[in-house]
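In what follows, chains are A, B, ... by sequence order, proteins preceding strands, each numbered from 1.
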Amino acid sequence: MDQFLQINGNQVRVSNLEKIYWPGDGFRKGDLLKYYIEMSSLILPYIQDRPLVMSRYPEGITGEMFYHKHLAENQTPPYIKTQRIYSKEREDDINYIIGSGIETLVFMVNLGAIELHPWFSRVQTLDHPDWAIFDLDPAEGATFEDTIMVAQLIHKVLTDLKVKHYPKTSGATGLHIYVPVEPIYSYEELQEFVELVGWIVVQVIPDKATIYDRKVKDRAGKVYVDYLQNIKGKTITGVYSVRPQPKAPISTPVLWDEVNSSLKPDMYNLQTIGKRIEEVGDLFKPVLKEKQKITRALNLLRNELLDVTRKQY
DNA sequence: GGTATAG
DNA sequence: CTATACCAACGCAGC
DNA sequence: GCTGCG
Ligand SMILES: [Mn+2]
Ligand SMILES: [Mn+2]
């Protein structure tokens, strides 16, 4: 049943590679593992040095799911790097897995971690993320095309602000827009930045986008700009993560030119990702390389809000 | 999926 | 040795 | 303090 893979000088145990994980598509656990190993050179840079949350499906996508953050001592192989980070809610440390080499990736996938969720910040600067994210979640009754429309408007606002930003499919129903930043801003500041841009978008297309409707029912037919994900300890599905959905879609970077009605949420998946990467390579490279200051943009947005508020009185 | 404990 | 039990999330807005 | 939400 169990096999051992020799990776970077470590014996990594893997099991049940023949188990069907996607019954509708016939993809097996071994297919998932093969994908992550083949993609490791692309994926690892985006999880390197980051605390990781696993979304686990040990019985496949039709089985029970659970998040896994804390790795107990007695299930931590010597080659896994971990770091204890205090959690207020838990009133104790969480022993997070820290992104490192292929062996770490294989260890997590073997646990049934179909999705990987990296923190927005690295261990070197835990309180200072190196990206902010616009998490666009279409609510009940909203379409993927609605999501694309909201994304395009965010694209226009960020372009006017001269802030670099990069889109990817979530692989499920929405889109993610990453804003790479120098690790000098707090989570609160980055959240405010996303909130202010989201607020502007909602002013322009209030029937398509929402940001302050906390109740799901109130968001019906609209795209929720989930700025509240920009919080320490919160995560979203990472780039190149597979999703527990039919076709095994993958959260895949796209060009802004491709964010139009021909983009489909599941068009990049376990079946098609190879060709896609061959054709365009890693479109998210700038997210790691083009770290920017958003001080000016944040001030412009704050003043914009002030102006609008003043006009109302 | 892995580990501890009971039988 | 095999069967079974048990575990594997949290941050926070809003009420 | 608890529920809803992601
Ligand atoms: Mn989302
Ligand atoms: Mn969300």
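- Taking side-chain N and O atoms only, N74(A) has a distance below 4.0 Å to OP1 or OP2 of dA4(B).
- For I231(A), the listed nucleotide lying nearest its side chain is dC12(C); candidates were dC12(C), dC10(C), dG6(D).
- We find the OH-OH distance between Y227(A) and Y212(A) to be 5.0 Å, quoted to the nearest 0.5 Å.
- Atom OH of Y96(A) and atom C1' of dA8(C) are 14 Å apart (whole Å).
- A gap of 22 Å separates the P atoms of dG1(B) and dC10(C), to the nearest Å.
- Between H68(A) atom NE2 and dC7(C) atom C1' the separation is 8 Å, expressed in whole Å.
- The two residues D93(A) and H70(A) make their nearest non-hydrogen contact at O-ND1, 4.0 Å.
- Of all heavy-atom pairs spanning E115(A) and V242(A), the tightest one is CG-O, 3.2 Å.
- Here L71(A) lies out of heavy-atom contact (under 4.0 Å) with every strand.
- Distances were taken from every side-chain heavy atom of S87(A) (C-beta onward) to each of dA4(B), dG11(C), dA9(C); the shortest belongs to dG11(C).
- Cation-pi geometry between R302(A) and W199(A) is not satisfied (NZ or CZ under 6.0 Å from the ring centre, within 45° of the ring normal).
- Ring orientation note: the planes of Y166(A) and F284(A) are nearly perpendicular, at an angle over 60° on the 30°/60° scale.
- You'll find that the side chain of K215(A) is closest to dC5(D), out of dG11(C), dC5(D), dA8(C).
- Regarding L228(A), its CG atom lies at a distance of 14 Å from the C1' atom of dC10(C), rounded to whole Å.
- Distance CG (L33(A)) to P (dG1(B)): 12 Å, rounded to an integer number of Å.
- The CE atom of M54(A) sits 11 Å away from the C1' atom of dG2(B) (whole-angstrom rounding).
- Each of dG1(B), dA9(C), dA8(C) was ranked by its minimum atom distance to the side chain of S15(A); first place goes to dG1(B).
- Between dC7(C) and dG6(D), the distance separating the two C1' atoms is 23 Å to the nearest Å.
- Contact annotation: R13(A) reaches the phosphate of dT3(B) (side-chain N/O to OP1 or OP2, under 4.0 Å).
- When the nucleotides dC10(C), dG1(B), dG11(C) are ranked by their closest atom to the side chain of K19(A), dG1(B) comes out on top.
- Look at Y21(A) and you'll find a side-chain N or O under 4.0 angstrom from OP1 or OP2 of dG1(B).
- At the phosphate of dG2(B), OP1 or OP2 sits under 4.0 Å from a side-chain N or O atom of N110(A).
- With P as the reference atom, dA4(B) and dA8(C) are 14 Å apart, rounded to whole Å.
- For the pair E64(A) CD and dG2(B) P, the interatomic distance rounds to 16 Å; values are reported in whole Å.
- The interatomic distance linking R219(A) (CZ) with dA13(C) (C1') rounds to 11 Å, in whole Å.
- The side chain of R90(A) lies closest to dC10(C) when the candidates are dC10(C), dT3(B), dG1(B).
- Out of dC10(C), dG1(B), dG6(D), the shortest distance to the side chain of E89(A) is found at dC10(C).
- Taking atom NZ of residue K29(A) and atom C1' of nucleotide dG2(B), one finds them 11 Å apart after rounding to whole Å.
- Closest non-hydrogen pair, S262(A) versus N260(A), comes out as OG-OD1, 2.6 Å.
- Nucleic acid contact for V53(A): none, since no nucleic acid atom lies under 4.0 Å from a heavy atom of the residue.
- As rounded to the nearest Å, dC5(D) and dA9(C) have C1' atoms that lie 13 Å from one another.
- Between R214(A) and dG4(D) there is no side-chain polar atom (N or O) within less than 4.0 angstrom of OP1 or OP2.
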